[in-house]
Number of protein chains: 2
Amino acid sequence: MAVTIKDIAKYAGVSVTTVSRALNGYPDVSEETRERIKKIAEQLNYTPNSLARGLVTNKTHTVGLVVSELIKPGAYHPFFLEVLAGIKAGLKKDKYDLILFTVDPESQDATSYEKLCNDRKVEGAIVEGLRLSDPYIKEIKKTQIPTVLIDIPILTDKVGYVSSDNVQAAFEATSYLIKLGHRNIGFINGHDDAAVSFERLEGYKKALKKNNIPYKEEYVVFDDFTQEGGYNSFKMLVFEHPEITAVFHASDLMAIGSFKAAKDLGMKVPDDISIVGFDDIELASLITPGLTTIRQDTFKMGYNAAKHLLSIIKGEKPQHILIPHKLVIRDSARKI
Amino acid sequence: MAVTIKDIAKYAGVSVTTVSRALNGYPDVSEETRERIKKIAEQLNYTPNSLARGLVTNKTHTVGLVVSELIKPGAYHPFFLEVLAGIKAGLKKDKYDLILFTVDPESQDATSYEKLCNDRKVEGAIVEGLRLSDPYIKEIKKTQIPTVLIDIPILTDKVGYVSSDNVQAAFEATSYLIKLGHRNIGFINGHDDAAVSFERLEGYKKALKKNNIPYKEEYVVFDDFTQEGGYNSFKMLVFEHPEITAVFHASDLMAIGSFKAAKDLGMKVPDDISIVGFDDIELASLITPGLTTIRQDTFKMGYNAAKHLLSIIKGEKPQHILIPHKLVIRDSARKI
DNA sequence: AAAAGTATCCAAAACGTTTCGGATAGAATT
DNA sequence: AATTCTATCCGAAACGTTTTGGATACTTTT
């Protein structure tokens, strides 16, 4: 049987009230007895029962991380881990614990977002990897549970989000290709069920417009963020539009898929085709040629998401938090 | 205010006891009232308070995942995610939730393993990524908390472990190189603070012995499991022993480091040097030449770890669970 | 010397469940 | 008709905390 506050009280010859107040640093207990109680607690190896405490205080010091699509076998998210590390780091000082929920569209129908959170009494949640069409999206728009989303723009009374400036990032990537002399620039975008896809498309268009290059709808194709997505789209794109000399991608995985497709088609990167990715995953620097891409600071995304969630829990106002990005230039795009 | 069992009781005109027993499927409540109560609970959107329940039943339906070294920024573990996905899958049917602890040697000194688990009232834990010299290792050897380790051989009353058959796997990899005609085979092993390193070394030795090739201590070097580790060790190894024609690695990351080192040294893989890895991470099939390596079924490791933990919690006897591996042959090793 | 203030303590209620040990009433058995 | 069963219900205790609203005794102020 675990040792309780009662045991300590008996041992110290005081009431449980006093033990509680002593251990929690209340002022109305003498330093002498406080020390005595602390020592006894230490000796008995006392650890407070978080359930009992949570029951009365209505605080659990726990937040949830609800993820979808990120850890499916066969389709592991390339930077989920970095984000997770950031989240854990952001939670550390305040000693909040993290409980991990994985969801999919079916489970979202089975149990609502609120129920999921209430079941486990989390004080708030970070959510990541949802598609715009997921049931939780609607729910989160009107929830009262402190929430911060990653890469999904919803801003209400209780929910904020963090993301990169996708418009600007895509603008920079496309502008870079234009600066290298490219005029016929394809864009292999992510699926149209992700907010970032629209933002990146906007940035792509913006760069074209600024440089007086007409936007051609047929140069952009939507597909999964995966390698296969890139592979297939690339083949199609260059087959139908051989005049394309560069293609910008909404993810590094897609860009790598294009690498492979190019190879299969007998095209050399960057000699025959320039390629730019998005994310800067670890792989990007390992492959040859090195992939020119947009670096997202994913650790920081997680860190700020956690910090922001904590602040919302404390009652502060939700925000949109922008995480700095950076164009990192390697060898997959060349001047023409 | 959340709706409680009392509210339902009042609403239904019965006692809280009856509500509890109705909702929990006890037989001593008529089907009629049970239905009525269920309906009311549904209408009121009742979710049981897990804290209160846990307080009295002493069960939390929660297990911990304690990880070390796996999600440090700059050194993300290549298959932690797969294992995690497996764990979540293994926990699903029994509806256990997972709470994630990240530890390092300092935090292990600050709070003991038992305290960590007791604080959050987890019923058991899966632990992953510990080094043999970590403080928790000693503690886990004598803990009464149901525990299953990944890749760390400890077997007691309450703790079991899952791992690949590292001896056999290393034996197979080395034998394969020998079969290709190699005689001077280097081995870039992981650091000597991991159990798997010793097992893999044993398998390496075994293969040599079986083929009457004398074991040379200077052909094996211990280093971090990282890419840099491989890079540095490879350079050293081939510089000091240019007669080496093949090198086996304790991880794919190290093998990839060797790829890079070989390139820097003007050596071609597999023409000038044959390389074999361990793990079969995603990258292994993406690089050129494709990396010949040992595939570990990491998803299954996680899945079985979770299932086994649940069985230990239920009172069954801990075991050592072996996960099948497989030599996957690609293009990084050639016949000589 | 009386009044007010201060430091230190405590009893009891509350949080929302589960569970133990009956209680009640009608049905079945003798 | 008396007894035993059975089905259905319930009161109260228990889990381990925190918190409210005092109580006590000693100091200080008037």
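Just so it is clear, the model here is predicted, and its values are computed rather than measured. A, B, ... follow the sequence lines: proteins, then strands. Residue 1 opens every chain.
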key: Criterion side chain to side chain contact (heavy atoms under 4.5 Å, CB included) against B/Y46, the qualifying member of B/L23, B/D7, B/V19   =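 That would be B/L23.
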| For DNA chain D, which residues in residues 17-28 of chain B have a heavy atom at a distance below 4.0 Å? |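 Per residue number, the list reads B/T17, B/T18, B/D28.
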| task | Enter the inter-axis angle for the ends of the helix from C/dA1-D/dT30 to C/dT30-D/dA1 (five pairs per end, rounded to 10°). | result |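 Overall, the helix from C/dA1-D/dT30 to C/dT30-D/dA1 bends by 50° from one end axis to the other.
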Item checked: Residues, nucleotides or ligands: over 12 heavy atoms within 6.0 Å of A/K88 NZ ->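 Check passes, neighbour count above 12.
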Point to revise | Close side-chain approach of A/F80 to B/L81, heavy-atom, < 4.5 Å | key: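 Yes - at least one pair of side-chain heavy atoms lies under 4.5 Å apart.
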Do A/S163 and A/I323 touch side chain to side chain, with heavy atoms closer than 4.5 Å?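 Sidechains of A/I323 and A/S163: no contact.
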Does a side-chain N or O from B/S15 land closer than 4.0 Å to OP1 or OP2 of D/dC10, or not?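 It does, given that an N or O in the side chain of B/S15 lies less than 4.0 Å from OP1 or OP2 of D/dC10.
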- Query: Within the pair B/S50 and C/dT17, is there a side-chain N or O less than 4.0 Å away from OP1 or OP2?
  - Reply: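 No, no such contact exists.
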Check the distance between [N]'s [atom2] and [X]'s [atom1] and give it to me in whole angstrom.
X: B/K121; N: C/dT17; atom1: NZ; atom2: P; value: 20 Å
X: B/N58; N: C/dT18; atom1: CG; atom2: C1'; value: 12 Å
X: A/E32; N: C/dA7; atom1: CD; atom2: C1'; value: 13 Å
X: A/K10; N: C/dA11; atom1: NZ; atom2: P; value: 14 Å
X: A/D119; N: C/dG16; atom1: CG; atom2: P; value: 16 Å
X: A/L55; N: D/dT18; atom1: CG; atom2: P; value: 12 Å
X: A/L51; N: C/dG16; atom1: CG; atom2: C1'; value: 12 Å
X: B/I37; N: C/dT17; atom1: CD1; atom2: C1'; value: 15 Å

As a test of reading the structure: which of [options] is closest to the side chain of [X], going by heavy atoms?
X: A/R53; options: D/dT18, C/dT18, D/dC10; value: D/dT18
X: B/A52; options: C/dT17, C/dT19, D/dT8; value: C/dT17
X: B/S30; options: D/dT19, D/dT8, D/dG16; value: D/dT8

| According to the salt bridge (Lys or Arg N to Asp or Glu O under 4.0 Å) rule, which pairs have a member within residues 35-51 of chain A, sequence neighbours left out? |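 Sorted pair list comes back empty.
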With sequence neighbours left out, which residue pairs that include part of residues 102-122 of chain B fulfil the salt bridge (Lys or Arg N to Asp or Glu O under 4.0 Å) condition?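 Sorted pair list: A/D97-B/R120.
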Partner set under salt bridge (charged side-chain N to carboxylate O under 4.0 Å, His left out) for A/K314, not counting sequence neighbours =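 Counting only residues at least two positions away or on another chain, A/K314 forms a salt bridge (charged side-chain N to carboxylate O under 4.0 Å, His left out) with A/D94.
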message: Applying ring-ring contact (aromatic ring centres under 6.0 Å, His included), can you list everything that pairs with B/F101, at least two apart in sequence or on another chain?
response: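 ring-ring contact (aromatic ring centres under 6.0 Å, His included) list for B/F101, sorted by chain: empty.
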### Task
Would you mind classifying the nucleic acid contact of B/T33 as base, sugar-phosphate or nothing, using non-hydrogen atoms under 4.0 angstrom?
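Sugar-phosphate contact only.
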- Under 3.5 Å, side chain of B/E316 to main-chain N/O of B/S311, donor-acceptor pair present?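 No, the answer is negative, given that no donor and acceptor are paired below the 3.5 Å cut-off.
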